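Predicted, not measured: the structure shown is a model, and the values here were computed from it.
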Amino acid sequence: MFRNQYDTDVTTWSPAGRLFQVEYAMEAVKQGSAAIGLRSKSHVVLACVNKANSELSSHQKKIFKVDDHIGVAIAGLTADGRVLSRYMRTECINYSFNYESPLPVGRLVVQLADKAQVCTQRSWKRPYGVGLLVGGTDESGAHLYYNCPSGNYFEYQAFAIGSRSQAAKTYLERRFENFMDSSRDDLIKDALIAVRETLQGETLKSSICTVAVVGVDEAFHILDQETVQQLINGFEIVRETEAGAAEEGGAAEEGAAADQDAAPMDI
């Protein structure tokens, strides 16, 4: 993916005003397996796709607990994500020790963005090749942030990153207006359906996805596989039932049309 002489150093600007090394780091996020986040007034749900390197190996962990009120989902280089999650955990512990209160989510995200920005301004460092969806709750409610390798951060109602995340974004954009008033279970359902959109025909199973929840009155935790599989089975039953009802309805309409000797386009 070598472009020109301007991409050999992270501190070298191109004539067009671009830092190619930073763009390459952002490309690494797009190559990682998908991660999805949604939030309502009181809850944040994080979900990710688990991909193993081979059938003989286990998948790498993509969702990390930072504190009782904060968690993070990553896409990109897992090693970079593990180091940054450890940094976030340390910041939360230090703040809690000094001030005897939980660290606000927004302040942690700013500190994380500053740490990422330093790596875009030092020739002996490289940008972190990982994107982080930071979900948490504090006194002002539930929050969902996306931290970019460039050092930018954005707050979202719902967002998806990683490979084939555009399909999940399309689903989230159609549904996001309902998320603020959604219940905890409805938010989890939307997260799993968004994960299913990224699989491109592959069957959604609890073994290939991870779901975590944090709420105003609920500490951050990762749902066990049995619970996730029960929810997935419920979605499949609903979808199959709707499909069957649609087919029956279509057959009834065709029968009525035949009786009336009307062309389908005239109905």
Side-chain angles (χ1 to χ4, degrees), residues 25-40 43-53 58-66 70-89 105 108-109 112-113 116 127-136 142-150 152-173 175-176 179 187-200 202 204-214 220-223 225 228 231-232:
M26 296 168 67
E27 187 66 28
V29 177
K30 297 179 183 178
Q31 300 299 325
S33 56
I36 295 164
L38 306 84
R39 75 177 177 95
S40 65
H43 288 83
V44 179
V45 174
L46 299 175
C48 68
V49 178
N50 301 327
K51 291 294 184 181
N53 292 330
S58 63
H59 63 83
Q60 291 183 310
K61 191 175 180 181
K62 301 292 296 296
I63 295 181
F64 300 93
K65 178 180 179 180
V66 176
I70 298 178
V72 59
I74 67 171
L77 297 182
T78 310
D80 286 3
R82 188 177 64 247
V83 170
L84 289 176
S85 65
R86 187 185 304 126
Y87 165 78
M88 296 168 68
R89 199 174 296 121
V105 183
L108 177 62
V109 168
L112 182 63
Y128 290 103
V130 64
L132 298 97
L133 289 175
V134 183
H143 302 278
L144 175 68
Y145 291 91
Y146 169 56
N147 276 80
C148 183
S150 63
N152 291 322
Y153 64 94
F154 309 91
E155 186 170 10
Y156 284 94
Q157 183 68 47
F159 197 56
I161 58 176
S163 176
R164 297 192 293 272
S165 61
Q166 185 57 50
K169 289 179 184 177
T170 301
Y171 172 79
L172 296 174
E173 288 170 357
R175 297 275 300 167
F176 80 96
F179 291 159
L187 214 59
I188 295 174
K189 288 181 181 180
D190 283 320
L192 285 172
I193 294 174
V195 170
R196 187 182 65 191
E197 295 296 319
T198 68
L199 299 179
Q200 289 189 342
E202 186 178 352
L204 177 63
K205 299 180 292 185
S206 62
S207 59
I208 63 172
C209 68
T210 302
V211 180
V213 183
V214 61
F220 181 87
H221 66 285
I222 297 175
L223 301 183
Q225 286 194 355
V228 175
L231 292 169
I232 292 173

If you look at every heavy atom in [X] and [Y], which pair is closest and at what distance?
X: Ile74; Y: Ala35; value: O-CB, 3.7 Å
X: Tyr145; Y: His143; value: CE1-CB, 3.6 Å
X: Ala113; Y: Asn147; value: N-ND2, 3.5 Å
X: Val45; Y: Ala191; value: CG1-CB, 3.7 Å

Heavy-atom distance under 4.5 Å between the side chains of [X] and [Y], does that happen here?
X: Leu108; Y: Met88; answer: yes
X: Cys48; Y: Ile36; answer: no
X: Ile63; Y: Ile222; answer: yes

Under the rule for ring-ring contact (aromatic ring centres under 6.0 Å, His included), what residues qualify as partners of Tyr156, not counting sequence neighbours?
Phe159
Ser163 vs Gln31, side-chain contact (heavy atoms from CB on, under 4.5 Å): CA-CA, chis, key distance, verdict
CA-CA 5 Å; Ser163 176; Gln31 300 299 325; over 6 Å; no
Quick check on [X]: does its [atom1] atom have over 12 non-hydrogen neighbours (other residues, nucleotides or ligands) under 6.0 Å away?
X: Lys30; atom1: NZ; result: no
X: Gln60; atom1: CD; result: no
X: Tyr171; atom1: OH; result: yes

Test side-chain contact (heavy atoms from CB on, under 4.5 Å) applied to Asp190 and Phe179, step by step
CA-CA 9 Å; Asp190 283 320; Phe179 291 159; 3.3 Å; yes
Would Ile70 and Val214 satisfy side-chain contact (heavy atoms from CB on, under 4.5 Å), going step by step from the backbone distance to the final call?
CA-CA 7 Å; Ile70 298 178; Val214 61; over 6 Å; no
Under the salt bridge (Lys or Arg N to Asp or Glu O under 4.0 Å) criterion, do Arg175 and Glu197 qualify, and how do the steps go?
CA-CA 14 Å; Arg175 297 275 300 167; Glu197 295 296 319; over 6 Å; no
Taking atom types as modelled and ignoring hydrogens, do the side chains of Ser33 and Lys62 form a donor-acceptor contact shorter than 3.5 angstrom?
yes
Are side-chain N/O atoms of Tyr146 and Asn152 paired as donor and acceptor at under 3.5 Å?
no
Once rounded to the nearest 0.5 Å, what's the spacing between atom CD1 of Ile208 and atom CD of Glu202?
4.5 Å
Step-by-step side-chain contact (heavy atoms from CB on, under 4.5 Å) determination, Leu192 to Val211:
CA-CA 8 Å; Leu192 285 172; Val211 180; 3.6 Å; yes
